[in-house]
Amino acid sequence: VTDVAAVTDETELSLTTAPITRTQIVRFAGAAGDFNPMHHDEPFAQAAGQPGVFAMGASCRPRSSRAPWPTGLGART
Amino acid sequence: VADASHVGTVIDEVDMPVEPGKVREFAIAVGDEDQDSVPLTFAAVASHWRDQAAMVAMLGLDIRRVVVGASEWEYGAPVLVGDRLAGRRIVTDVVVKAGGQTIITLETALHRGDGELAVTQRDTVIELAP
């Protein structure tokens, strides 16, 4: 379970998603063009000292994108 | 090895069309119900049009120790499907910690086709200590 919070000057969004699958990670890799092997290549990630592949941070944050483009606001995630 | 001398360096430039097919693909990948509007973090796509390996090499980083610390988006004019996003990625800060960890801040101001600033993306890249 992943908790994600996105904060703008005027709103605070918080949501919880289901566990992330490898298929979701690979889908985001293709859609965003993020082919860092840490996110899809298990032996590579393990050689780098990680227990396995892990999702991109940005693959979670855009879930707050249901909000309208916050013109004029400084938005941080 | 990245150090303060890199501040101000232009890493690369990007100029990307905001194509309807890519917008839909990205919206699905991030679980967005509206698959025809440009997601707020669509700038991530422009990010990966750039050569990340070249950035890592330019800054002398060890990719095995590089993680993304944070990303921040500051919004200006809205972007619609069919527009463009274009901008330069610039090093704005490099901090080398005593333990050997390096924290690099990169900023990309992405402009629409008409020149209006659409979104400024700031990325914090961390090279962990060896």
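Per chain, numbering begins at 1; letters A, B, ... match sequence-line order. In what follows, every heavy atom counts, from backbone to side chain, and hydrogens, waters and symmetry copies are set aside.
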Distance check, rounded to the nearest 0.5 Å: Asp93(B) atom CG versus Arg122(B) atom CZ?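 Reported value, rounded in 0.5 Å steps: 12.0 Å.
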Would you compute the distance between atom OG1 of Thr108(B) and atom CD of Glu13(B) and round it to the nearest 0.5 angstrom?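 It comes to 10.5 Å.
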Side chain Thr105(B), main chain Thr92(B), donor-acceptor under 3.5 Å: no
Is there a side-chain contact between Phe42(B) and Val18(B) in this structure, where contact means two heavy atoms from C-beta onward sitting under 4.5 Å apart?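 SC-SC contact between Phe42(B) and Val18(B) confirmed.
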Can you list the residues of residues 43-51 of chain B that sit under 4.5 Å from chain A, counting heavy atoms only?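 The list, in residue order, reads Ala44(B), Val45(B), His48(B).
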Plane angle bin for Phe28(A) and Phe26(B) - parallel if under 30°, tilted between 30 and 60°, otherwise perpendicular: tilted
Leu59(B)/Val91(B) under side chain to side chain contact (heavy atoms under 4.5 Å, CB included): CA gap, chis, key distance, verdict: CA-CA 10 Å; Leu59(B) 294 176; Val91(B) 179; 4.1 Å; yes
